Enquirer: 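Handing you a structure now.
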Amino acid sequence: MMEGGRFRLNQGGTDIDRSRPLQFRFDDRVLQGFEGDTLASALLANGIRTVARSFKLHRRRGLRAEGWDDPNAFVQLLEPWEEPNLLATRAPLAEGLVARGMHGWPNIEWDVGALANWLHALLPAGFYYKTFKWPGRAWPLYESLIRRAAGLGRAPRRAGGPVVERRHAQADVLVVGAGPAGSAAVARLLAAGCSVIWADDRSRPGGILGASAESADRAALDAIRREADRWGAEPTLRRLRSTVVLGLHDHGQALALERDGWARECLWMMRVKAVCLATGAFERGLPFENNDVPGVMMASAVRSALHRHAVAPGRQMVLATRDATDWSLAWEAQDAGMTVLAIVSPTLAAAPASLVEAARSRGVALIDGHLLRARGGRHGLSEVAVNAGGSTQMLPCDCLAISGGWNPALQLYVQAGGVARYDRTRDALRGEASEQTPVLAGAAAGAVSTDDCVASGRQAADTLLQRLAGSPSAATPPTARPASPTHSNRAAQASLASDQVFVDLAGDVTVSDIMLAAREGYTATELLKRYTTLGMGPDQGRSAGVDGLLRLAELEGRDPESLPPTRARPPFVPVAFGTLAGSDPGPLIRPTRETPVTGWHRDHGAVLYESGANWRRPGYYPRAGESMDDAVRRECRAVRQAVGVYDSTPLGKFEIGGPDAAAFLEHVLACRVSDLQPGRGRYALALRDDGRIFDDGTVFRLDTARYWLSSTAGNADAMASWLEYTRQWLFGGRLQVMIEPVGSHWADIVICGPRARELFSRLLEPNARAGLSAATFGFMRWQSFTVAGIDARVFRVSFTGELSYEICVPASRGLALWKAVMAAGADLGIEPVGSEANHVLRIEKGFISLGHEVDGDTNPEDLGMGWAVHWDKPEFIGRRSLERDRLMPAGRRQLVGLECLDEGRPFEEGAQVLASKARLVAGQCRSIGLVTASVQSEAAGRPIALALIEDGRAKIGETLQVTQSQPLRVSGSLPQAGAPGDAVPPEALVKGLVLRAARVVAPIFYDTQGGRMRG
Amino acid sequence: MAESDALAGRAVRCEGGTVRLETPAARALLSVRMNPASDSRWIGEALGVPWRSAPLKLHSGGEVRWWSTAPGVWLIDGPADHEHAIQQQLNLACSAVNAMVTVVSDAWGVLLLSGPESALRDLFERAGPVGTEVLDGACIATRFGPFAAVLFDAGIEGATTDPTLRWIELRVERPLVESFRQWWIRLGALPAA
């Protein structure tokens, strides 16, 4: 085998380094290539014809194009990491690279799925919409089969991938493309002093010139590269090599992926004022039967293989073009040692005489006609049939180079809001220029020759400079070359077997699929796309969008200029999720908040929970061998019988001051505020406009003009926004009020229990201990103290129903305070208390909690907290809605307590509450509420629960049914389970629904008068 | 100047040099909130410093620094042991102008990045769309990944014998500062471009 593959040429190859051979594997075959090869060129050099099976029909597919427009060459990468849908034409070859072709089982050479190709007549576009409708109960089977067949490639099964970096950049102009047009634009922009980001998907500039053998093109290429090297020192230019721009978004944002070999990827997030798109053009194919056989390649791909990588794509070649511009490829292929049998063109008569003479002198037959069909087998293309003046001529060949013209690469342009339309004069899409869209240059703007591209690039730069200067730019139509008068052999299509003429190779969409869609009324291009999958999948229409549009226009007899092309969406090429995730995986995506005491909790074995706003708080503190239930019971006992301490730092806290602070709070809160004296506080509800509870907390008056407002931990940010919204928007800034969120500044340590006062007094200076009685420092008061030597604000509030002191100190002193509390309380039986025990304690007291009883639909009356709404003030947010609720009180869910009537475990939180058994038997089985919170009460000695039940307070004393561990699936009449009023068994099974009996009680199970917390 | 923590000396590699991440010594911080339309010169008079009020800039006078990243909100930073004195000076004056002074010294976690300008520029380019402006003298409130942060050139003179080093102070909500530190370390651990 020749080094670098048996189809490797002995000389040439501008992009490869023959001194650095590489070994790689494809479909378990060990192959060779060179540094600088792409995976595609290396496969071609090794004579690999089939690189994949098609997605739907599992037809053999080979390399087709040389760039991002190849619809076939998507492979599954296995090493150096796993990645599906890697485009081989853009994957650099690397030592040890392992890949395999996609959509073949057991492999792409012997593929069981190829049966689909034999059944293709049964699998037209949209067949599954019509096929899998009946019998209805078989859908789960169909679904599993479809899901198994669907998908492109296989998601990675092991972690790994390149180092992914993310970078941000800003500039005046982003220029995409480094061909003659892009280079010319950059030169002019730099000369004008603009900052420029210049992105190109190749490692070296020059664009398509890099694949040209013509001396003028080589000279232009050398000039571009020299100039680009000289710009290396330009401080205002940032060159991004091997970088594909994935998307252009609003406000000048662009996303690009830079790939530096296999070692590193960088996702660039850019902000620019203007964009120049010199993205070139994609070559179009030609329609003929079996135009997807491996060995049928774009002329540009053949040229690239010959010159960039020194690979002969075959031994015998036929060139089929729509005009004479690409005939030089035949001479280049001959010079490389290939046999060129013929040039086939429908416009032979219009060819320049010099080219005709050159063909004759080189022994290349010229056929005035068009392609009819290709034929091939396991080894790819074997012959093509040509219609030559009405007779069919067979040409044996293994490489068919085709060129049906060029489609400007307008995908990014359309992403950025540009409008593309078919232009008859060019037989291609054209971007309609506007002030808001990127400026097109070069082949993307319709320019053809190198000189035209350079001129177009300069013109685009001038347009951008005018825009940047703020002056309107004339939208000059770019250079265009009229298309050949008979630019394709579409007229002959009627005679072709259209179910074998592929328009979109990526989705196996044929001409007959488009005909079917048209017959069924899907005549809008976007509907056609969805019905046939034309232009969908990883190729995203780069190769087929225009051809599909033209087919539809022909079938419908419509002017193709009247048909809008389908929308191109980002990303321009497939991009891995890992690349988008970038360097921020794991916990740093959503960082946790830690209190000053979190480390202590962790060191002392606490099980930490997320507790709103991603705070980490202790759930409970298990001792060795202790279960969670045991730990929670122990912590509850400590609070009820001695003293407990918990870390309440995550609570939201605000200082609100200014002459109008009271008026402001009167509006935000449902309670009265202006009557609070300094040192006093009150429980406070904040309502939404609809009268539903938004948040709860406390409000204290710190001094004459300043208040302290607390909120729940999870709602602290929302409360900050709500307060500012009210101040800035509802009041329009008219009130003299200032709001300072201070939650992060304070650590908040709560001691609670019957011995809390004793403990608290130990933490004070002796002279301060005298004033701790209920009379001097009572419930809902606050006072400044020096606690354990630390200046503190101490609040007499309680969330547990016990005598409590909420001690707030600057966060940097929080841990010191905690340790002091633990030390001072050691002989009092102090226990650190987690959120689980807090949950039990607050349920025993019937205290509400956001996310449980406050579910976005409850108002204060529902929760029996009408006392927290002070109607004797003129206005507060939610008042009018709440008045409406009061006028229609019946039927609303109200907070009640539930007692288990069995000896079982607590009810499940969220369980449905059904009507009494009598109603069940009468067929009135529907949910009348739900269990909001349920625990095993240490104080009550039994399971207890809170529930929201329709007209719940009127049901106190009734027995209801609570569902258990089964979905609610009761329908129709219920079986006769006995006469109404029968004793309800502990657990009754009714049509698969396990029910447990519960007695409705008042929602307070402990210290109903509140004497303990007020003490 | 800077009290190094457990991560002191942990260098992050950047294009153009090495960036160090440290935790500076605690300082006092007070928030002054007032009507955005009001004149803020009273703050300077209260503190006895030549007051400058350009927003999005770090200003300093004597031992006090101040900046504003939101209309009507000034942050006054001074030595930790001056916290009470600064508070008193401001409180005496603020009632006359309907302003509110609040001690928020412990509300923020502070990190300090130091290194050559080119290395810091490289690091900030990785960090966020906004950030490098700080090297041109701006005081910025922005987001780095999931973190909302305020940063400015601390302009620490005499902190090092190397005059080419720049010192950038980063402030983030205190409960997030440990995650924020890890975020920078992870960012800086990436190989240079």
Side-chain angles (χ1 to χ4, degrees), chain A residues 163-170 253 258 260 263-264 266 268-271 582-596 598-599 613-616 649-650 655-661 705-706 733 736-747 791 809-814, chain B residues 26 29-38 71-73 80 83-84 94-95 97-109 122 124-133 144-148 172-193:
Chain A
V163 172
V164 180
E165 187 181 326
R166 184 176 297 169
R167 279 181 177 270
H168 304 262
Q170 298 170 33
Q253 188 181 38
E258 180 187 12
D260 183 8
R264 168 184 164 272
C266 182
W268 284 90
M269 305 174 81
M270 298 175 274
R271 289 274 182 190
S583 55
D584 296 335
L588 292 179
I589 287 179
R590 187 167 178 255
T592 56
R593 288 181 159 89
E594 297 198 345
T595 79
T598 300
N614 220 17
W615 284 96
R616 283 291 178 275
T649 302
E655 289 196 19
I656 297 168
D660 297 326
R706 191 181 297 224
Q736 289 288 325
V737 60
M738 279 73 72
I739 304 157
E740 183 72 48
V742 292
S744 297
H745 175 74
W746 297 95
D791 290 340
V809 296
S812 59
R813 310 304 308 277
Chain B
L29 186 69
L30 292 93
S31 158
V32 180
R33 287 184 182 257
M34 53 196 290
N35 188 323
S38 299
V73 185
E83 178 184 285
H84 188 62
C94 75
S95 58
V97 289
N98 283 335
M100 182 170 81
V101 178
T102 312
V103 176
V104 290
S105 304
D106 285 3
W108 296 88
D122 177 74
F124 283 125
E125 197 169 77
R126 302 182 201 187
V130 176
T132 52
E133 294 84 347
F144 291 115
F147 302 95
V172 71
E173 191 183 334
R174 185 188 183 98
L176 292 171
V177 70
E178 184 52 38
S179 295
F180 195 46
R181 186 203 320 262
Q182 297 302 329
W183 188 85
W184 281 101
I185 288 171
R186 186 181 178 93
L187 191 76
L190 291 167

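Chain naming here is simple, since letters A, B, ... match the order of the sequence lines and numbering starts at 1 in each. What you are looking at is a predicted structure, and each value in this text was computed from that prediction instead of being measured.
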Enquirer: Please identify, among Ile739(A), Val742(A), Thr649(A), the residue contributing the most non-hydrogen atom pairs under 4.5 Å to chain B.
Expert: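 The candidate making the most pairs under 4.5 Å is Ile739(A).
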
Enquirer: Look up atom CD1 in Ile589(A) and atom OG in Ser179(B), then write down how far apart they are to the nearest 0.5 Å.
Expert: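 If we round to the nearest 0.5 Å, Ile589(A):CD1 and Ser179(B):OG are 12.5 Å apart.
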
Enquirer: Looking at Arg174(B) and His745(A), would you say the former's side chain and the latter's main chain have a donor-acceptor pair under 3.5 Å?
Expert: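 Not a single qualifying donor-acceptor pair exists.
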
Enquirer: Work out which heavy atom in Val101(B) is nearest to a heavy atom in Arg706(A); give both atom names and the distance.
Expert: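 Looks like O-NH2, 2.8 Å.
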
Enquirer: About how many Å separate CZ of Arg166(A) and CD of Glu125(B), when rounded to the nearest 0.5 Å?
Expert: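 CZ of Arg166(A) is found 14.0 Å from CD of Glu125(B).
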
Enquirer: List the atom of Met738(A), the atom of Met100(B), and the distance in Å for their closest heavy-atom pair.
Expert: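 Scanning both residues completely, I find the closest heavy atoms to be O-CE, 3.6 Å.
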
Enquirer: Is it the backbone or the side chain of Ser812(A) that comes under 4.5 Å from a heavy atom of chain B, or both, or neither?
Expert: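 Contact with chain B: backbone and side chain both.
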
Enquirer: Which residue out of Val103(B), Val130(B), Thr102(B) racks up the most heavy-atom pairs below 4.5 Å with chain A?
Expert: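 The answer is Thr102(B).
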
Enquirer: Would you indicate whether the side-chain heavy atoms of Glu173(B) and Ser744(A) approach each other to under 4.5 Å?
Expert: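 Result yes, sub-4.5 Å side-chain heavy-atom pair found.
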
Enquirer: How many angstroms lie between CD in Glu178(B) and OG1 in Thr598(A), if you round to the nearest 0.5 Å?
Expert: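 If I round to the nearest 0.5 Å, the distance is 11.0 Å.
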
Enquirer: For residues Pro146(B) and Leu588(A), determine if any side-chain heavy atom of one lies less than 4.5 Å from a side-chain heavy atom of the other.
Expert: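 No. Closest side-chain heavy atoms not under 4.5 Å.
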
Enquirer: Is there a side-chain contact between Pro591(A) and Phe180(B), using heavy atoms and a 4.5 Å cut-off?
Expert: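 They are not in side-chain contact.
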
Enquirer: Does the side chain to side chain contact (heavy atoms under 4.5 Å, CB included) test come out yes or no for Glu133(B) and Gln170(A), once each step is laid out?
Expert: CA-CA 11 Å; Glu133(B) 294 84 347; Gln170(A) 298 170 33; 3.7 Å; yes

Enquirer: How long is the gap from CZ on Phe144(B) to NE2 on His168(A), to the nearest 0.5 Å?
Expert: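 Answer for the CZ-NE2 pair, Phe144(B) versus His168(A), is 9.0 Å.
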
Enquirer: For the residue pair Gln736(A) and Met34(B), establish whether any side-chain heavy-atom pair is separated by less than 4.5 Å.
Expert: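 No, their side chains stay 4.5 Å or more apart.
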
Enquirer: Taking Glu740(A) for the side chain and Ser31(B) for the main chain, is one N or O donor matched with an acceptor at less than 3.5 Å?
Expert: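 No, because the side chain of Glu740(A) does not come within donor-acceptor range (under 3.5 Å) of the backbone of Ser31(B).
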
Enquirer: Who wins among Thr132(B), Asn98(B), Val73(B) for the most heavy-atom pairs under 4.5 Å with chain A?
Expert: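 Result: the option with the highest number of such pairs is Asn98(B).
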
Enquirer: Does any part of the side chain of Arg126(B), heavy atoms only, come nearer than 4.5 Å to the side chain of Glu165(A), both counted from C-beta?
Expert: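 Of all side-chain heavy-atom pairs linking Arg126(B) with Glu165(A), at least one is under 4.5 Å.
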
Enquirer: Would you mind checking which part of Trp746(A) comes under 4.5 Å of any heavy atom in chain B, side chain (CB onward), backbone (N, CA, C, O), both or neither?
Expert: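 No part of it gets close to chain B.
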
